[in-house]
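First the structure, in the form of structure tokens, and then the observations on it.
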Amino acid sequence: MKNYQTARGTQDILPKDTRKWNQVEDVIKQICHVYGYDEIRTPIFEDTSVFKRENDSSDMVNKEMYSFSMNQKDSLTLRPEGTAGVVRSFVQNKNYANADLPYKVFYKGEMFRYERPQKGRYRQFNQFGVENIGVKSPYIDAECIALGYSVVKSMGLNCVKVLINTLGDAQSRIDYREVLVEYFKEHLDGLCGDCQRRFVQNPLRLLDCKVDKESEIMKNAPSLQDSLSVESKQYFDQVLQALDNLQIPYEIDDRLVRGLDYYTDTVFEVVSTHSETGSQSAVFAGGRYDGLVEYFGGPQMSGVGFAMGLERLLLLAQAEGIQLDEDDSFDVYVMGLGEVNDVPFNLATMCRSAGYKTEFNPTTRSLKAQFKTVDRKNCKAVIIVGESELANNQVNIKFIETQKQICVDIDKIVEVLDAQFEEKEHGHEHGEKCECGSCNKEND
RNA sequence: GCGGUCGUGGUGAAGUUGGUUAACACACUAGGUUGUGGUCCUAGCAUUGCGCGGGUUCGAGUCCCGUCGAUCGCCCCA
């Protein structure tokens, strides 16, 4: 028998969880709004060349992309990240010419990477990210970090720290790469297998190797700082000053190099310090890119941005014990007893038209059972449609919190609800008596 | 892509050197209360079924192989 299940590395987000997602998305929208970033929605798949750029050595681009072709000619790819699509769009729509710069957008949505799944790492996952294109300024780098930091903080996360570094401008980076290659060429034999591979594919990444971290070869490696131009050094200092200004704590990590090849100057990574995080500790990360706009055919313009892993954000929130459940209670629950036909259904419709979140029960389960459902659904008021009251065009209404039950005319039901819910809002109570003559079980 | 651990109902889980009826608890359903819940009591609740498919055996949830999935570390990255 075949088992139907989600494909590896993908998951259903069930109703109980979408409430959390909505909350995260509300925080994101609110903060982006305050910072003046508007939402952009680019396609989930693009021409492969958008993501796979010449000379890009990252694994993400070379080994982890879901690429496909429908006609043997074109190659399309499910987006593995957000920045490339946004920059492509920026150039395609000539936003560099007719918009006020910087161009400030945020995106959120599914990304796809063919990796071995782990906790906090999925093949389909959600990222929120921002891009600020067109103006190069240390203040903007700092603003970008501040925005992401603000989202994380607004979610209630405490165990995070900002790591920051500079890669220098494009030339510094190229120079340094040469220096590194020159140095490691002599010491290849002393490095671990992964590093030997990195040496060929992406020499910069040699720096954050965990195995060789403590080795003499690594410690004596030429520092990136020495290849930095005066301008880049100065620029970095200004970014740090701006962060001081914002009172955002950070740690300079001169071994921090990002995986994507397009970064220049500022790079940063915000990681969780919580113990249960496992190996996937980065919450959001990004940096400045000087060459991308030009690469896509635009003018020489710089940009900066970050991407945040939303599943990870949620995971960390959970690890830190942050409650994200929204109120899922119902206002009204309508239940029927015996032969009451479509009265409960009609009552539910009336309540809904009046704006009350209403559930009704179309079955003939016992009252006891239905009240259990009421408890589970956390309903505030229950309308009980019984045959004897219905003879007088009346129904019982019970308010759960006060345990008060009254019998009212059907066409007064919304009035009674309005009165009760308004009372609650204003926080006081006045003893209402049952006005029904035929009803002998008033308040119990 | 590499190495390790794991996979029993709606949930948390027992399951002894392979041995006959897959514990226990929670949740759920029904009844005790001929029309009112959150306590209590009683009963029911894993299509001969233990992720799926093969194999060994008189006999497998327990052993072997394959496969799918989860998870941990590496790689990579958000």
Side-chain angles (χ1 to χ4, degrees), chain A residues 1-11 57-65 80-83 108-129 148 152 192-195 197-198 201-202 205 208-211 257-260 268-272 276-287 305-316 333 335-340 363-379 382-390 395-398 400-401 403-405 439-441 444:
Chain A
M1 176 70 176
K2 179 169 168 59
N3 253 345
Y4 290 97
Q5 56 184 313
T6 51
R8 187 169 207 197
T10 68
Q11 56 192 330
S57 58
S58 69
D59 277 8
M60 184 190 94
V61 164
N62 290 293
K63 305 199 304 207
E64 300 174 354
M65 298 206 301
E81 54 121 352
T83 303
K108 74 187 154 47
E110 296 76 12
M111 305 294 161
F112 305 84
R113 257 123 96 157
Y114 186 77
E115 296 180 277
R116 183 100 168 236
Q118 256 175 55
K119 186 191 280 186
R121 183 169 92 178
Y122 309 97
R123 290 182 170 180
Q124 175 181 331
F125 60 102
N126 282 271
Q127 278 189 341
F128 148 63
V152 169
C192 72
D194 281 324
C195 281
R197 186 179 54 77
R198 288 188 188 101
Q201 294 183 343
N202 197 346
R205 294 215 60 110
D208 61 357
C209 176
K210 294 183 183 85
V211 180
V257 288
R258 312 269 27 262
L260 273 10
F268 55 88
E269 195 168 302
V270 176
V271 300
S272 169
E276 289 173 37
T277 310
S279 60
Q280 315 299 321
S281 62
V283 195
F284 75 92
F306 69 76
M308 184 179 292
L310 263 25
E311 282 82 358
R312 288 185 187 178
L313 184 68
L314 250 14
L315 220 53
L316 294 178
Y333 188 94
M335 56 176 74
L337 276 165
E339 293 298 311
V340 293
T363 71
T364 54
R365 298 172 71 211
S366 70
L367 270 198
K368 174 176 175 166
Q370 295 192 59
F371 264 98
K372 276 189 177 173
T373 306
V374 167
D375 284 335
R376 239 176 284 136
K377 296 234 177 213
N378 194 12
C379 294
V382 180
I383 297 173
I384 306 139
V385 183
E387 283 169 317
S388 53
E389 294 88 342
L390 204 52
V395 293
N396 284 308
I397 180 162
K398 178 171 184 172
I400 299 304
E401 197 183 328
Q403 295 277 64
K404 193 169 62 180
Q405 177 167 317
C439 174
N440 52 1
K441 39 173 135 83
D444 64 313

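Chain letters run A, B, ... following the sequence lines, proteins first, then strands; residues in each count from 1.
Straight-line distance from the NZ atom of A:K398 to the P atom of B:rG38: 11 Å, rounded to whole Å. Here B:rC77 presents its P atom at 22 Å from NZ of A:K119, a figure rounded to the nearest Å. Atom CZ in A:F371 sits roughly 15 Å away from atom P in B:rU29 (whole-Å rounding). Distance A:Q118 CD to B:rU71 C1': 8 Å, rounded to the nearest Å. Look at CG on A:N62: it is 11 Å from P on B:rC77, rounded to the nearest Å. Between A:E115 atom CD and B:rC72 atom P the separation is 14 Å, expressed in whole Å. The interatomic distance linking A:E311 (CD) with B:rU71 (C1') rounds to 17 Å, in whole Å. Computed from coordinates, the A:E110 CD to B:rA78 C1' distance equals 14 Å when rounded to whole Å.
The residue A:G9 sits close only to the backbone: its heavy atoms come under 4.0 Å of sugar-phosphate atoms, none of a base. At a threshold of 4.0 angstrom between heavy atoms, the contacts of A:K372 are confined to the sugar-phosphate backbone, with no base atom among them. Nucleic acid contact for A:R121: base, since at least one base atom lies under 4.0 Å from a heavy atom of the residue. When heavy atoms are screened at a 4.0 angstrom cut-off, A:V382 is found touching no nucleic acid atom at all. Note on A:G286: nothing from the nucleic acid sits closer than 4.0 angstrom, heavy atoms only. Nucleic acid contact for A:L310: none, since no nucleic acid atom lies under 4.0 Å from a heavy atom of the residue. Base engagement by A:F125 is indicated by at least one non-hydrogen atom pair under 4.0 Å involving a base atom. Within 4.0 Å (heavy atoms only), A:Q5 reaches sugar-phosphate atoms of the nucleic acid but no base atom. Using a 4.0 Å heavy-atom cutoff across all strands shown, A:Y333 reaches no nucleic acid atom at all. Residue contacts for A:Q370: at a heavy-atom cut-off of 4.0 Å it reaches no nucleic acid atom on any strand shown.
Here A:R365 reaches the OP1 or OP2 of B:rA30: one of its side-chain N or O atoms lies under 4.0 Å away. Between A:R205 and B:rC75, a side-chain N or O to OP1/OP2 separation shorter than 4.0 Å is absent.
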Quiz item: Do A:R121 and A:R113 pass the side chain to side chain contact (heavy atoms under 4.5 Å, CB included) test, and can you show the C-alpha distance, the side-chain angles, and the key distance before you say yes or no?
Solution: CA-CA 9 Å; A:R121 183 169 92 178; A:R113 257 123 96 157; over 6 Å; no
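The aromatic ring centres of A:Y333 and A:F371 sit 6.0 Å or more apart.
Checking B:rG1, B:rA30, B:rC77 against every side-chain atom of A:S58, the shortest atom distance belongs to B:rC77. Nearest nucleotide to the A:R376 side chain, out of B:rC28, B:rG38, B:rA78: B:rC28.
If you take atom C1' in B:rG4 and the same atom in B:rA46, they sit 31 Å apart, rounded to whole Å. Using atom P as the reference point in both B:rG31 and B:rG38, the two lie 14 Å apart (nearest Å). If you take atom P in B:rA22 and the same atom in B:rU16, they sit 15 Å apart, rounded to whole Å. On the P atoms, B:rA27 is 12 Å away from B:rC41, given to the nearest whole Å. B:rG61 and B:rU42 have their P atoms separated by 32 Å, given to the nearest Å. B:rC24 and B:rA43 have their P atoms separated by 12 Å, given to the nearest Å. Using atom P as the reference point in both B:rC50 and B:rG7, the two lie 14 Å apart (nearest Å). Here, B:rC68 and B:rG51 have their C1' atoms 8 Å apart, quoted to the whole Å.
Across every strand in view, B:rG59 sits unpaired, with no contact that passes the Watson-Crick or G-U test at under 3.5 angstrom. In this structure, B:rC74 forms a base pair with B:rG1, meeting either the Watson-Crick or the G-U wobble geometry with both donor-acceptor distances under 3.5 Å. Here B:rC45 sits opposite no nucleotide as a Watson-Crick or G-U wobble pair (both hydrogen-bonding atom distances under 3.5 Å).
Interface remark: the A:R8 side chain does not form any donor-acceptor pair with the B:rA70 base, using a distance-only criterion of under 3.5 Å. Side chain A:K368 to base B:rG32: a donor-acceptor pair is found below 3.5 Å. Below the 3.5 angstrom threshold, one finds no donor paired with an acceptor across the side chain of A:R198 and the base of B:rC75. In the interface, the side chain of A:R116 is paired with the base of B:rG3 through a donor and an acceptor atom under 3.5 Å apart. Put simply, the side chain of A:E389 and the base of B:rG35 share a donor and an acceptor less than 3.5 Å apart.
Listed here is the closest heavy atom pair of A:G336 and A:Q370: O-NE2, 3.3 Å. Nearest heavy atom pair, residue A:Y122 against residue A:F125, reads O-CD2, 3.3 Å.
A donor-acceptor pair shorter than 3.5 Å can be found between the side chains of A:T373 and A:R365.
Remark: A:R123 is positioned above the aromatic ring of A:Y114, its terminal NZ or CZ atom under 6.0 angstrom from the ring centre and at most 45 degrees off the axis.
For A:V283 and A:K63, each mapped to the nucleotide of RNA chain B holding its nearest heavy atom, the one lying further toward the 5' end belongs to A:K63. Residues A:M308 and A:T6 both approach RNA chain B. Their nearest nucleotides, taken by heavy-atom distance, put A:T6 toward the 5′ side.
No donor-acceptor distance shorter than 3.5 angstrom exists from the side chain of A:E115 to the backbone of A:P117, with no hydrogens or angles considered. Side-chain atoms of A:R312 never come within 3.5 Å of backbone atoms of A:V283 as a donor-acceptor pair (strictly under, hydrogens ignored).
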